[in-house]
Amino acid sequence: MLSPQTLPETATPDAAPLMEMRGVTRHYPVARSLPIGPRKVVKALDGVDLQVQQGKTLGIIGESGCGKSTMARVLSGLEKPTAGQVLFEGHDINALRGAERAQMRRNIQLIFQDPYASLNPRMTIEQILSEPFEIHPDIAKRGSRRANLGEMMELVGLNPDHLGRYPHNFSGGQQQRIGIARGIALNPKVLICDEAVSALDVSVRAQVVNLLDSLQRELGLSYVFIAHDLQIVRHISDSVATMYLGRVIETGSYAQVYDASAHPYTQALLSAAPELRQDPAHARQLIMLQGDPPSPIDPPSGCRFHTRCPVARPDCATSEPELDPVADGHRARCFYPGPISTELSQGD
Amino acid sequence: MSTVNPADGAQAVDRSPQKSRGAHRRWWLKPRFAISGSIVLLMILMAAFPQLFTGFGPGPTESCDILKSNQPPSAAHLFGIDIQGCDYYTNVIYGARASILVGIVVSAIAFGIAALVGAVAGYFGGWVDAVISRVCDMAFGLPFILAAIVVLQLFSERNVWTVIFALSLFAWPGGVRFMRSSVLEVRNREYVQASRLLGASNGRIIAKHIVPNAITPLLVLQTLGVGGMISAEAGLTFIGIGLTPPSVSWGLQLAAARDYIDAAPHLLLFPAVFLTITVLGFVLFGEAMRDEFDPKGK
């Protein structure tokens, strides 16, 4: 176990992606206020196309309620998409049943936001970390499990002597390391981190991000890294996707999305982070957006961002832009991509 | 093999698990636990080994002298002598067995059914939950004592197990609802989702994650219910629908003493006091447990 996966040397963006979302839609029904009438739905994800490359990290950014966590749940297979497909190595993960599905699930693991809530409080760390091997007895022989657990503890930087303790005996950062150890126990190929470091304080956050970084190098893992901390996403990601109201509105390499943002929303989002704004190499003008994001129950017509967009024109309200390329590997869902001119945003 | 620096601050906080940490430290020494626990233990001991309390003397229906009928308490017979001329102290001690057995076994059966059915209803939800919940609602619609009377009427000879059967039939719906609601709380916890992602089966998730984390409130509820079951048995027996002779129970003794309340009030007094103390002991024990495990329930 825990052996590095063979990394194809020619891992170019054109290679077949490890994981792919194709037109994924996830709608949640809303309770009707009247017994009759149309049933409304929250469109948490609405036609999302994304690719996760082998051994790379895809960062997902966007404000609260844009569908990031729903995406983590759908990608990991905890929830089924209302429409569209989630492909892993070309196979639809929701088309499988029973044992095949369990085998597939081994490859995709999730790291949760709240480290304590993700560990059963009535189990010792040994029991928690043994669970993957009890479910999949083929991975490690019973006799060598104890040694494996010690190895896993060391891999995530914990003392193997602490296996007999309970989750509440550990600090938040240590608990998250235990969650990561459980996540990588089955030697998965994709690790989805849903706000995995948000609940940790700043110093511990850096340690856990460094741990994830070194695990990626050792084990050849691919990450989907969802966070609202824009700086950490920048640090860890190879490519970045921005989401707004259940749609991906911009994708590209981290340099393209962060330093040459094409979509006005991405520019506004990045400009809202003080630490990014103060970066002397990439001076940013603060772009203040007006109002709250519209309801995902009843999204605006045309471009979903036109109600708050500083550069919106009349046709933005009537037709919706596609996720069109603006540069090599850089796509944005905007009719008028490009930097917002300072005069224009100041003129408002 | 690791490139991770173990001194990466991960061990900066070393909270060793000390036995004395936390709110559960020496809870069994708190007065309410100590007192109610002693009563419960004493009564269970009395039910299991009544000989310990009667000095290994004759049994309740042995060495009776009908000529000494209804004598008040004396030095030789601490609780006096009953209508049959038997030592009443021996009878009252042996009467604990029926009450305790009914109380504990009925509660245990209700606990088992509620844990299983409630966990299934809460975990699977959907139509499974709907069917189980409606069956519970229907069982709730029947008055508990009345339903037990109807069932007991079907038997002409009624021993402890008949009574246990009749009470168990209708004792579980409250527990099922209780368990279901605490399972609903646990079901969506992240450690359950993590286990599902590892590929765990539903059975494994229920057994390893759901039940251990959802069972405590039910355990407390059923402990509180033991006292109720003991009084239900005594009540049914008193009105002549529960145990029948030759069983020995406090309910039967109370029923027999009813006719001699003027001539021999001690016959009513002693079983009544024992019954009250037992019920009180179990209820206090249940409440002490509830306060210990569920601070919100105070």
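In the text below, chain A, chain B and the rest are named by the order of the sequence lines, each starting its count at 1.
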Heavy-atom distance under 4.5 Å to chain A: side chain of B:Ser201, backbone, both or neither? neither
What are the two closest non-hydrogen atoms of B:Leu198 and A:Pro132, and how far apart are they? CD1-CG, 3.9 Å
More than 12 foreign heavy atoms under 6.0 Å from CZ of B:Phe140: is that the case here? yes
Pairwise distance CG(A:Asn120) to CG(B:Asn213) - rounded to 0.5 angstrom: 4.5 Å
Walk me through it: do A:Ile108 and B:Leu197 pass the test side-chain contact (heavy atoms from CB on, under 4.5 Å)? CA-CA 8 Å; A:Ile108 309 164; B:Leu197 281 176; over 6 Å; no
Taking all non-hydrogen atoms of both residues, which atom of A:Glu131 and which atom of B:Ser195 are closest, and how far apart? OE2-OG, 2.9 Å
By a 4.5 Å heavy-atom criterion (distance strictly below it), what part of A:Asp114 contacts chain B: side chain, backbone, both, or neither? both
Less than 4.0 Å between a side-chain N and a carboxylate O, is that true for A:Glu134 and B:Arg204? yes
Considering only heavy atoms from C-beta outward, does the side chain of A:Leu110 approach that of B:Glu190 to under 4.5 Å? no
Are any of the side-chain heavy atoms of A:Gln127 and B:Lys208 separated by less than 4.5 Å? no
Between A:Arg182 and chain B, which part of the residue has a heavy atom less than 4.5 Å away: side chain, backbone, both or neither? both
In Å and rounded to the nearest 0.5 Å, what is the CZ to OG1 distance from A:Arg122 to B:Thr216? 4.0 Å
Can you confirm whether B:Tyr191 sits close enough to A:Met123 that some side-chain heavy atom of one is under 4.5 Å from a side-chain heavy atom of the other? no
If you count heavy-atom pairs within less than 4.5 Å of chain A, which of B:Arg196, B:Arg189, B:Gln193 leads? B:Gln193
Note: B:Ala194 and A:Ser118 closest approach over all heavy atoms is CB-O, 4.5 Å
Residues 34-41 of chain B side chain polar contacts: donor-acceptor under 3.5 Å, at least two apart:
residue : atom : partner : partner atom : Å
B:Ser36 : OG   : B:Arg32 : O            : 2.6
B:Ser38 : OG   : B:Ala34 : O            : 2.4

